[in-house]
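First the structure, in the form of structure tokens, and then the observations on it.
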Amino acid sequence: MVELKQEEEKKVRCLLVGGPDKKNGNPEPKELEGLVHTLDYEVAGTMVLVRIEPTPAYGMGTGKAHEITDRAKELFADCIIFDFEIDPSKQRNWEKLAGMPVFDRNEVIIRIFAQRAQTKEANLQVELAKLTYSLPRLSHMYGDMARQRGGAVGNKGSGETQLELDRRQIEDKIVQLKKELEQVEINRNVQRKQRERTATAGCALVGYTNAGKSSLLNALTGADVFVENKLFATLDPTTRKLALSEASTVLITDTVGFISNLPHTLIDAFKSTLEEAAIADFLLIVVDASDPDCQKQYAQVKKVLEEINAEKIPSVIVLNKYDRIEGNILLESQLNNSFPDAIHVSAKTHKGFEDITEVLTENLLGILRSFKIPMTRTDLVELARKNGTIEKEEWLEDSIEIDARIPGSINEDGKATTRTLALLKDYIA
């Protein structure tokens, strides 16, 4: 019994194979290692390819393919994982050659998402991604293509193959999942419209996976979002209110973490979730200050924001986990040079929270200005109350003096960026 239990608890051992990187030489596949550890797999060893000469069978020379499979067997690995995408036909060839499962980082990420999915929406999204990814890879599951099902004596033909039946079932399931997700998206749009009616500004926390977005949301708002020191701990967007003052609040949304080369099947499936960032009024781009690769991760976040058409949304960089590097003069200097306008924050010690509140207040509620409005234009006071935040109001004999924050700004030509500010700017005291 003890041996059986040990066998069940034994971790899957894998050989990781990294590809050549022209920009950065041939670094170890550290990110893939992190993904594999998140799956609770064990890294048996790593290999980094200096160059790849594409071939039809394995995507590289036969000699190199044999070298990789021999290395996997020497290490008693249970599978081989590539840090780059391999197409279905090559995957089948690799599995025949190695005699063990062979897959790429895309499948690793999809498996992680499958483990992390909690809500109905996340489960639907992950299931759609899994089926879309597996559809062209079905045939490698069948060693005997002659197996038939559905044929009967006297019928014409021999019936459909098991592969054809499964393919049709998966295609039907994909159509069904897309319909269910469309309904989920409709419900999400209704919720968004309800939030818009409240005229409450929205801010999204975006950043690389495991940058500490959920911890930051919990610390800022007192939320109870699940937090774990693993990649993709949170898949579902969570929205909470953050009080900026006694008179105003902002909605903060925690979004799914980004990563380099996120599979397109997941981007498509999580479209409605990623849109939470695309429709926000402001973005807090969370960067893990303690991660040596934080600059590369920030570049990848910017790339994903471009893919979802969110790159033009006003934003500020938040260097999170700053308590881990505070006192390291060299590292702090490097970060200040790389991110000169960033806010230094710690979700653990609440460092920088006042700076975040100030930035959100100015960008979402507007700069505090004094206005002197004539009694004949009381409608402007109501407009300011509806679309802005009045912090002080005094009614005099011939005018109404208010201190208010009105969203928008006034450019060098004197033009306001919002209608409300345009109507009120002539009455700035």
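These figures come from a predicted structure and were not determined experimentally. No hydrogens, no waters, no symmetry mates; every other heavy atom, side chains included, goes into these values.
- Note on E391 versus R405: salt bridge recorded, some NZ/NE/NH1/NH2 to OD/OE distance being below 4.0 Å.
- Under the 3.5 Å distance criterion, the side-chain polar atoms of D104 are matched with a main-chain donor or acceptor of I86.
- Between the side chains of Q297 and D291, at least one donor-acceptor pair of N or O atoms lies under 3.5 Å.
- No donor-acceptor pair closer than 3.5 Å links the side chain of R369 to the backbone N or O of I428.
- Formation of a donor-acceptor pair under 3.5 Å by the N411 side chain with backbone atoms of D413 is found in this model.
- Residues forming a salt bridge (Lys or Arg N to Asp or Glu O under 4.0 Å) with K351 (at least two apart in sequence, or on another chain): E326.
- Legend: residues meeting salt bridge (Lys or Arg N to Asp or Glu O under 4.0 Å) with D87, ordered by chain and number and at least two apart, are K90.
- The side-chain tip of R111 does not point at the ring of Y41 from less than 6.0 angstrom away and within 45° of straight on.
- Formation of a donor-acceptor pair under 3.5 Å by the S134 side chain with backbone atoms of L131 is found in this model.
- In this structure, the side chain of T357 engages the main chain of F353 through a donor-acceptor pair within 3.5 Å.
- A donor-acceptor pair under 3.5 Å links the side-chain atoms of N93 to the main chain of A57, judged by distance alone.
- Residues satisfying the salt bridge (Lys or Arg N to Asp or Glu O under 4.0 Å) criterion with D341, sequence neighbours excluded, are absent altogether.
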